[in-house]
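Only one structure is covered here, and it is reproduced in the block below.
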Amino acid sequence: LLPCEVLANRPAPVQRFFTPAI
Amino acid sequence: LRRKVEAECLKDASKKMKGGLMFIKLANPCSGEGAIYLFSMCLKQLFEIKIFKEKHHSWFINESVQSGGLLHFATPMDPLFLLLHYLIKAGKEEKFQPLDQVVMDDIFPDCILLLKVLELEKLLHHVTDEKEIDNKKYYKYSKEKTLKWLGKKVNQTVAALKANHVSVGARVQSAAFFSGDQVSSDKEEDYIRYAHGLISDYIPKELSDNLSKY
Amino acid sequence: MDLSELEKDNTGRCRLSSPVPAVCREEPCVLGVDEAGRGPVLGPMVYAICYCPQSRLTDLEALKVADSKTLSENERDRLFLKMEEDRDFVGWALDVLSPNLISTSMLGRVKYNLNSLSHDTASGLIQYALDQGVNVTQVFVDTVGLAETYQERLQKRFPDITVTVKAKADALYPVVSAASICAKVARDQAVKSWQFVEKVQDLDADYGSGYPNDPKTKAWLRKHVEPVFGFPQLVRFSWRTAQAILEKEAEGVTWEDSAAEEQEGSRKITSYFQSEGPQARPPHRYFQERGLESATAL
């Protein structure tokens, strides 16, 4: 759940660009 | 293409039937308008659905992004709050009636599921007077009993607010920015007022006013 | 040059330095400051200092560390190696500022602009030399922003040192040119061996010089822009070139404090005149404070 709104519903390369961390 | 993430038992139709989970629309006991609830046939339990809906959120769901960032919560809820809606309406006729003639609603026909909740009879003792004729039970709404029952709810809620360190004092811009110590300075009366307000989200306005006097 | 620390994590900043030559702790030393990679839209910006005893300035000049801008990349690498060989009287240190650090500083809520970042990095490196025990008596700095204000600020910070801030200092003072060579060698190597933390497929590393007007760089940016994530972190998101491409190619994003909020606020005034349903009582503050509302549809 992101603290911002991406104004689109679309495919996105999440695995490649987003590394969740605590 | 809107995407959702939901529990397996909800997603898969067959599992959903087996688990007896159904999303139903019932009259919101405070406003009388339609609201979504979840009913579990096997648990014979009612759940309220609340949406976490704050601006500027979105989801990453697997390899996609989903705007809106909504989050649905299912919370167990005392079905009496919803039954009250019908009992009060029928109570105006000032006579004892069988439950299946009271809990009827052509706008929200799923309300009959409320008659399947666990230990329904025990629950009804809190808010109705009853009579038994030829092994059939007849109920009449009792305002006194209901206020007493709601009084207990307020006390339980006060205890829960304290146990969960919910700040009930002067309005803070968001509970998230709250430092715990101020909670201790909240007065008992603030807790009771806050608990009354919270419960008033689940009962009609008139009953809320009566409860406030009570 | 061993940039392995940067390769481990290229999203922050990292400091590299040579050992301090013993003679630099005894004799009065001259120190030069310069940077590399200030203009490019991608890759790190590197700040470097180079120092040697006053008495050995001619030896440093003999290394032909003339104005580093006139040197080719190979010549710079060769000269850097020679300085490494002469480590008995030449010392250096550098700060590698990653593109991510630059972007997040410039785009943060509290703006920390490139000039301030540069000035603070330069002062930090001079302080580092002093902390290492180098007997610095003179400093020459290539200017960033107004030479006078910059000189004043540095002189105030280091009152016991004679500070000279000048434009084109790398063409005037060999010790600044030597610093510039260290910075450029580090930056070229960092860009060449950049470890993409994004597992970006079909990634060609042919991004040219990184300068915004380099057609290769512009083509590379356009090819690698991703509508949701923007660019790999090699790119400085705070650069106009990058922002222009994002505005055209990427999805919009709104944040809690984004400008759109004000505009939304104005709309709220009008909404007073639209009754929100006769007696629709707002949800209790317990729910309002947590952004929770009843679900009327799934």
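- Atom NZ of B:K116 has 12 or fewer neighbouring heavy atoms from other residues, nucleotides or ligands inside a 6.0 Å radius.
- Ring-plane geometry between B:F81 and B:Y202 is classed as tilted, the angle between the planes lying from 30 to 60 degrees on a 0 to 90 degree scale.
- Donor-acceptor pairing under 3.5 Å is recorded for the side chains of C:S209 and C:D214.
- The parts of B:S200 that come within reach of chain C are both its backbone and its side chain, each placing non-hydrogen atoms under 4.5 angstrom from that chain.
- A salt bridge links B:D209 with B:K205: the distance from a Lys NZ or Arg NE/NH1/NH2 to an Asp or Glu carboxylate oxygen falls below 4.0 Å.
- Interface remark: B:Y194 contributes backbone and side-chain atoms alike to the contact with chain C (heavy atom separation under 4.5 Å).
- A donor-acceptor pair shorter than 3.5 Å cannot be found between the side chains of C:S98 and C:Q233.
- If you tally non-hydrogen atom pairs under 4.5 Å between each of B:K50, B:E54, B:H72, B:H57 and chain C, the highest count goes to B:K50.
- Residue contact with chain C, scored on non-hydrogen atoms closer than 4.5 Å, involves the backbone and the side chain of B:F52 alike.
- Residue contact with chain C, scored on non-hydrogen atoms closer than 4.5 Å, involves the side chain of B:K25 exclusively.
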